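Okay, structure first, notes after.
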Amino acid sequence: MAAQSRTLHAHSESWKHAPPCLVEPLLPREHLTQQLDQSLHPKQAASSITSYFVVAPAGYGKTTLIAQWARQSSIPAVWYHLDASDDDPV
């Protein structure tokens, strides 16, 4: 039973590292994805940027933009979805 519990817990947490599913058709945002590439590409960036913040109100397409960019970029990207369990300092 304990092994099954660990398996269920591991499986339920795997979504936290999965990129979002994109539903086609999407509005192409070449200008914004190019800006991200230029800012983050190690050979083109003025400094070594280790993180980048995309800020806008809810519903403006931040997640979709980053998912579109990650899909076409050669720069490695990592996903981590925050939820209430991430608010535990221990």
Side-chain angles (χ1 to χ4, degrees):
M1 186 67 157
Q4 182 182 12
S5 175
R6 281 194 302 268
T7 303
L8 288 173
H9 180 69
H11 178 69
S12 66
E13 293 294 316
S14 67
W15 69 272
K16 293 185 79 142
H17 300 282
C21 296
L22 297 177
V23 179
E24 303 290 339
L26 294 171
L27 176 67
R29 299 181 183 168
E30 288 93 10
H31 178 71
L32 293 174
T33 55
Q34 286 173 1
Q35 280 187 318
L36 285 169
D37 255 350
Q38 289 172 357
S39 297
L40 294 171
H41 201 281
K43 294 179 183 175
Q44 297 174 357
S47 65
S48 59
I49 299 172
T50 57
S51 52
Y52 203 89
F53 293 93
V54 177
V55 180
Y60 274 64
K62 298 174 296 291
T63 301
T64 301
L65 169 65
I66 299 301
Q68 285 176 312
W69 169 80
R71 220 190 236 182
Q72 58 87 33
S73 178
S74 62
I75 300 169
V78 65
W79 290 98
Y80 189 80
H81 299 268
L82 297 173
D83 65 11
S85 70
D86 295 304
D87 196 24
D88 184 3
V90 177

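Not measured: the values here are computed from a predicted model.
Taking both residues in full, the closest heavy atoms of Pro19 and Trp79 are given as CB-NE1, 3.0 Å, listed atom of the first, atom of the second, then distance. Closest non-hydrogen pair, Ala77 versus Trp69, comes out as CB-CZ3, 4.1 Å. When all heavy atoms of Glu24 and Arg71 are compared, the pair lying nearest together is OE2-NH1, 2.9 Å.
Taking Ile, Leu, Val, Met, Phe, Trp and Tyr as hydrophobic and joining them when side-chain heavy atoms fall under 4.5 Å apart, one finds Leu26 in a cluster with Leu22. Within the hydrophobic cluster formed by Ile, Leu, Val, Met, Phe, Trp and Tyr side chains joined at under 4.5 Å, directly or through other members, Val55 is accompanied by Phe53.
When atom types are taken as modelled, the side chain of Asp86 and the backbone of Asp83 share a donor-acceptor pair closer than 3.5 angstrom.
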Atom pairs and distances, side-chain donor-acceptor, residues 27-36, under 3.5 Å, sequence neighbours left out:
residue : atom : partner : partner atom : Å
Arg29   : NH1  : Gly61   : O            : 2.9
Thr33   : OG1  : Arg29   : O            : 3.1
Thr33   : OG1  : Glu30   : O            : 3.1

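Hydrophobic clustering of Ile, Leu, Val, Met, Phe, Trp and Tyr side chains at less than 4.5 Å, counting indirect connections, unites Val54 with Ile75.
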